[in-house]
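Notes for the one structure printed next.
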Amino acid sequence: MILLQRLQHPNILQLYGYCYQDSNDISDTLTTITELGSPLEMIQLLQSPWEDRFRICLSLVRLLHYLAHSPLGSITLLDFRPRQFVVVDGELKVTDLDDASMEETPCFSHSDCFLEFPARNFTLQCSVEGKCQNMNEKRNLYNAYRFFFTYLLPHSAPSSLRPLLDTIVNATGELRWGVDEALVQLEKVFYLYRNGLYLPNITDTPKGEYREVAHTVVAEEDYRCWPSYHHSGCLLSVFDLNEAKDVCSSHSQCQAFVWTNQTTWTGRQLVFFKTGSRTLVSDPDKTTYVKLTD
């Protein structure tokens, strides 16, 4: 509870209040009131669009950067597992700080700075002050790699971002980077993705021609694609209209798409891709684009 009070960050569960009870019915009971989050379900997360999985990883690195430079010193999470986190409005937040530690490991030589994990081990540097250098943040970062990055970052990412994402995964898995560099690189991915700079050439003329039908929506004629924001249809996020046309042209089933005017957390547009346009109905907030046949 004290740590939740002292540590203020968007990716730490917010403490709203607490009360202490000591009566005949209830003795020595401390109750905390925090914001409500949903348990982190890794299986469900693996089936979600890459954009949402990337948000979890970006949230996590922002949290680890704060913990490495917190007002209380460098903090490590000794019990670092997915169940220690919740999701609040798409953002990852740590909820359990019972096993947080601010102690820096003392050392006489480098061999004292032994960081052990189930799959591999690391030996860090012993500083002249007799402390293992950056052991707390390196422990956090490797746990982030083995529980989150390796599963969530590369899979189904835009192809042009995969080399950078592979570099991030490999560098954190080898502990070649600290948390500062990991944050810089993930923020770079975020910048490229949010601004459409991952697209090969956004000035290229998209494949195929489309007819715009304003204020309409295709009510049915769905098909499934993966990963999709809709369980029974193909709902994807795109940077702009050109990307939506390219996506539709790359799907053999796609004959039309609906511009929903709804956005994701990055500001990207959500678009429904359809097998046809026979079921057009009026909708003032949407626009349908129908593929023209030769």
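If you read the sequence from its start, that first residue is 1, and numbering goes on from there.
Both tests do not hold together for Lys291 against Tyr289: distance to the six-membered ring centre under 6.0 Å, angle to the ring axis within 45°. A cation-pi arrangement is present between Arg62 and Phe190 under the rule of less than 6.0 angstrom and at most 45 degrees off the ring axis. Figure legend: Arg268 and Tyr193 shown as a cation-pi pair, the cationic atom lying under 6.0 angstrom from the six-membered ring centre and within 45 degrees of its axis.
In this structure, the ring of Phe273 has its center no less than 6.0 angstrom from the ring center of Tyr223. Aromatic pair Phe114/Phe122: ring centres not closer than 6.0 Å.
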Begin with the C-alpha distance, continue with both residues' side-chain angles, and end with the deciding distance and a verdict on salt bridge (charged side-chain N to carboxylate O under 4.0 Å, His left out) for Arg224 and Asp222.
CA-CA 7 Å; Arg224 291 184 178 181; Asp222 288 308; over 6 Å; no
If you apply the rule side-chain hydrogen bond (donor to acceptor under 3.5 Å, both in side chains), what do you find for Glu137 with Ser74, and how did you get there?
CA-CA 7 Å; Glu137 74 167 82; Ser74 181; 5.5 Å; no
Stepwise ring pair (Phe, Tyr, Trp, His ring centres under 6.0 Å) test for Phe117 and Tyr145:
CA-CA 12 Å; Phe117 296 98; Tyr145 155 79; 9.5 Å; no
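Checked by atom type and distance alone, the side chain of Ser59 never pairs as donor or acceptor with a backbone atom of Glu91 at under 3.5 Å. Panel note: side chain Asn11, backbone Leu92; a donor-acceptor pair is recorded below 3.5 Å.
Aromatic ring orientation, Phe147 versus Phe80: parallel (interplanar angle below 30°, classes split at 30° and 60°).
Inspection of the Ser127 and Glu129 side chains reveals an N or O donor paired with an N or O acceptor under 3.5 Å. No hydrogens or angles considered: nothing links the side chains of Gln269 and Thr263 as a donor-acceptor pair under 3.5 Å.
Between Arg176 and Glu181 no salt bridge is recorded (no basic side-chain N to carboxylate O distance below 4.0 Å).
For Tyr16, the OH atom sits in a packed shell: over 12 heavy atoms of surrounding residues, nucleotides or ligands are nearer than 6.0 Å.
Inter-residue side-chain proximity for Thr287 and Val213 is flagged as unmet; no heavy-atom pair is nearer than 4.5 Å.
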